[in-house]
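Letters A, B, ... mirror the listed sequences (proteins, then strands); counts begin at 1.
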There are 2 protein chains.
Amino acid sequence: MAPGYSEGMPSTDATDDALRLDQHLCFSLQAASRAFSGVYRVLLKELGLTYPQYLVMVVLWEHRELSVKQLGEHLRLDSGTLSPLVKRLEAAGLVRRERSAHDERSVHVHLTEEGAALRERALLVPRRIAAATGIGLDEVRDLRARLDRLTTALDAAALAEVPDLG
Amino acid sequence: MAPGYSEGMPSTDATDDALRLDQHLCFSLQAASRAFSGVYRVLLKELGLTYPQYLVMVVLWEHRELSVKQLGEHLRLDSGTLSPLVKRLEAAGLVRRERSAHDERSVHVHLTEEGAALRERALLVPRRIAAATGIGLDEVRDLRARLDRLTTALDAAALAEVPDLG
DNA sequence: GGCCATTCAGTTGCGCACAATTCAATTGCA
DNA sequence: TGCAATTGAATTGTGCGCAACTGAATGGCC
């Protein structure tokens, strides 16, 4: 039942089994995520976007203008990742950054004409991706729900792992 | 039903909806994957491993000795990623690299005493991770199966996207 | 009003993922 | 046997993710 080690000595201990690569949900997750990136990479090349840049544009197409902080809340990214990424989008002419008048600390990112126009060309991407997954809308919805619950649980656990309070 | 754009003008077009961030399975997937990494990062710090390094060790604990190429097949990584990573594991004293006698092109990676011994301390990791996910073994198994099928489908699609053959 | 803690963006540094290239070793085939 | 194509590892370069830090702006509190 259990493949065990290469020596042909099957491990019957569940704790041992748990250390096998194929028992790691995190690996299946990461593999699927990278496979997704690979498909997006091909589709997005003609838009001149990387996959993380595409996600930033998706958020901006939905909200038009956001601070770096707000972008990070939507995408779970911090300024260390977003600052250079947004700069590259600005260099590509898709967004512009401006200091807020109300709060000089924050920087608002908004679409340029060109950035807004790119949305038209991006509309086909989700359909082509959906076709590539080979699964139906219902299963996609179900998977998303499960994954989001998983993320919430893991975030909570990560906080608990760094007690700070004894 | 559909939140639509910030202007309060709900988009009833399914194509428009598909461009919303919360419709992107890839994002839920990546978010869950990064949440996993975060929990692992905390647990693995005391083992002196990063999450990708841990996965390499998991494969080596299972197979004892593999070429860089074989490691890459297990983990879906190429030498561009593995070469420096394995070098860091070697610098940490956990593995040793040796040119194969049969084929001088290939480099075999095998555990040192210290690397093999580290397995004992790693045995607790999967249990603590399982607790952090907040889901049962059955759902984990089901999720893994779905994700692996998804990865297979996406890989096939990625190949089809780069026709090369017209 | 003046001071301190907090907030926000940006930078630096490190490791990972991946494309593209290089180079040596090997294989295949004429 | 000799040469071309392939294979395996390593290197280079770019971008992402994240921790740690900097510095300016803001807000709270006395």
Side-chain angles (χ1 to χ4, degrees), chain A residues 26-27 30-42 44-45 48-57 66-73 75-92 95 97-109 155 158 162, chain B residues 26-27 30-42 44-45 48-57 66-73 75-92 95 97-109 155 158 162:
Chain A
C26 59
F27 178 69
Q30 194 205 25
S33 184
R34 285 198 281 134
F36 249 121
S37 297
V39 177
Y40 272 104
R41 192 174 302 120
V42 177
L44 294 177
K45 181 177 279 184
L49 294 174
T50 65
Y51 170 64
Q53 288 167 11
Y54 165 76
L55 290 181
V56 168
M57 293 301 290
L66 291 172
S67 69
V68 172
K69 164 109 177 138
Q70 290 170 319
L71 269 176
E73 285 166 1
L75 295 165
R76 314 176 126 258
L77 294 171
D78 66 6
S79 67
T81 301
L82 284 174
S83 283
L85 193 159
V86 170
K87 273 193 181 177
R88 282 187 284 269
L89 288 179
E90 187 174 41
V95 307
R97 295 179 305 143
E98 272 163 21
R99 289 270 159 198
S100 165
H102 299 69
D103 187 340
E104 293 268 337
R105 289 171 303 181
S106 72
V107 167
H108 288 267
V109 183
D155 283 347
V162 195
Chain B
C26 59
F27 178 68
Q30 194 205 24
S33 184
R34 286 197 281 135
F36 249 120
S37 297
V39 177
Y40 272 105
R41 192 175 302 120
V42 177
L44 294 176
K45 181 177 278 184
L49 294 173
T50 66
Y51 170 64
Q53 288 166 13
Y54 165 76
L55 289 181
V56 168
M57 293 301 290
L66 291 171
S67 68
V68 172
K69 164 108 177 139
Q70 290 169 318
L71 269 176
E73 284 166 359
L75 296 165
R76 314 175 125 260
L77 295 171
D78 65 8
S79 67
T81 301
L82 283 174
S83 283
L85 193 159
V86 170
K87 273 192 181 176
R88 282 187 284 270
L89 288 178
E90 186 175 43
V95 306
R97 295 179 305 141
E98 272 163 21
R99 288 268 159 200
S100 164
H102 299 68
D103 186 340
E104 293 268 337
R105 290 172 303 180
S106 73
V107 168
H108 287 266
V109 183
D155 283 347
V162 195

K.L.:
Could you state the CG-C1' distance from A:Leu82 to D:dG17, rounded to the nearest angstrom?
P.N.:
10 Å
K.L.:
Let's test your reading of the model: under 3.5 Å, does the base of D:dA10 pair with the side chain of B:Ser79 as donor and acceptor?
P.N.:
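Result: at least one qualifying N/O pair found.
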K.L.:
Look at the side-chain N and O atoms of B:Gln30 and state whether any lies under 4.0 Å from the OP1 or OP2 oxygen of D:dG17.
P.N.:
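Affirmative; the distance criterion is met.
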K.L.:
To the nearest angstrom, how far is A:Asp78 atom CG from D:dA19 atom P?
P.N.:
7 Å
K.L.:
Among C:dA25, D:dA9, D:dA25, which nucleotide sits nearest the side chain of B:Glu104?
P.N.:
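The closest nucleotide is C:dA25.
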K.L.:
Starting from P on C:dA9, measure out to CD on A:Glu98 and report it in whole angstrom.
P.N.:
14 Å
K.L.:
On DNA chain C, nearest-nucleotide positions of A:Lys69 versus A:Ala35: which is more 5'?
P.N.:
A:Lys69
K.L.:
Counting the atoms with a prime plus P, OP1 and OP2 as sugar-phosphate, which does B:His108 contact under 4.0 Å by heavy atoms, base, sugar-phosphate, or nothing?
P.N.:
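Contact class for B:His108: none.
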K.L.:
Among B:Leu82, B:Leu85, B:Asp78, B:Leu77, exactly one meets side-chain contact (heavy atoms from CB on, under 4.5 Å) together with B:Val68. Which residue is that?
P.N.:
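Among B:Leu82, B:Leu85, B:Asp78, B:Leu77, the one that satisfies the side-chain contact (heavy atoms from CB on, under 4.5 Å) with B:Val68 is B:Leu82.
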K.L.:
What is the nucleic acid contact for B:Thr81, judged by heavy atoms within less than 4.0 Å: base, sugar-phosphate only, or nothing?
P.N.:
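The residue B:Thr81 makes base contact.
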K.L.:
Of A:Ala101 and A:Leu85, whose closest DNA chain D nucleotide lies nearer the 5' terminus?
P.N.:
A:Leu85
K.L.:
Could you state the CG-P distance from B:Leu77 to D:dT11, rounded to the nearest angstrom?
P.N.:
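One finds 17 Å between P of D:dT11 and CG of B:Leu77, rounded.
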K.L.:
Given C:dG15, C:dA9, D:dA10, which nucleotide is nearest the side-chain atoms of A:Ser67?
P.N.:
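When the side chain of A:Ser67 is considered, C:dA9 is the closest of C:dG15, C:dA9, D:dA10.
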K.L.:
Where the side chain of A:Arg97 is concerned, which of D:dG15, C:dA17, C:dG10 is the nearest nucleotide?
P.N.:
C:dG10
K.L.:
NA contact type, A:Ser83, heavy-atom cut-off 4.0 Å: base, sugar-phosphate, or nothing?
P.N.:
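Base contact - A:Ser83 has a heavy atom under 4.0 Å of at least one base atom.
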K.L.:
When the distance from CZ of A:Arg99 to P of C:dA9 is rounded to whole Å, what number comes out?
P.N.:
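So the CZ-P distance, A:Arg99 to C:dA9, works out to 8 Å.
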K.L.:
Base, sugar-phosphate or nothing for B:Ser37? Non-hydrogen atoms, less than 4.0 Å.
P.N.:
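Result for B:Ser37 = nothing.
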K.L.:
Using atom CZ of A:Arg105 as one end and atom P of C:dT11 as the other, report the distance to the nearest whole Å.
P.N.:
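Taking CZ of A:Arg105 and P of C:dT11, I get 18 Å after rounding.
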K.L.:
What is the distance, to the nearest angstrom, from the CG atom on B:Leu71 to the C1' atom on D:dA9?
P.N.:
12 Å
K.L.:
Please compare B:Thr50 and B:Ser100 by the position of their nearest nucleotide in DNA chain C and report the one closer to 5'.
P.N.:
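Checking each residue's closest nucleotide, the 5'-ward one belongs to B:Thr50.
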K.L.:
With sugar-phosphate meaning primed atoms plus P, OP1 and OP2, does B:Lys87 contact a base, only sugar-phosphate, or nothing at under 4.0 Å between heavy atoms?
P.N.:
sugar-phosphate
K.L.:
Please report, rounded to the nearest Å, how far the C1' atom of C:dG15 is from the OH atom of B:Tyr54.
P.N.:
19 Å
K.L.:
Closest approach of A:Pro84 and A:Ser79, non-hydrogen atoms and distance?
P.N.:
CD-O, 3.9 Å
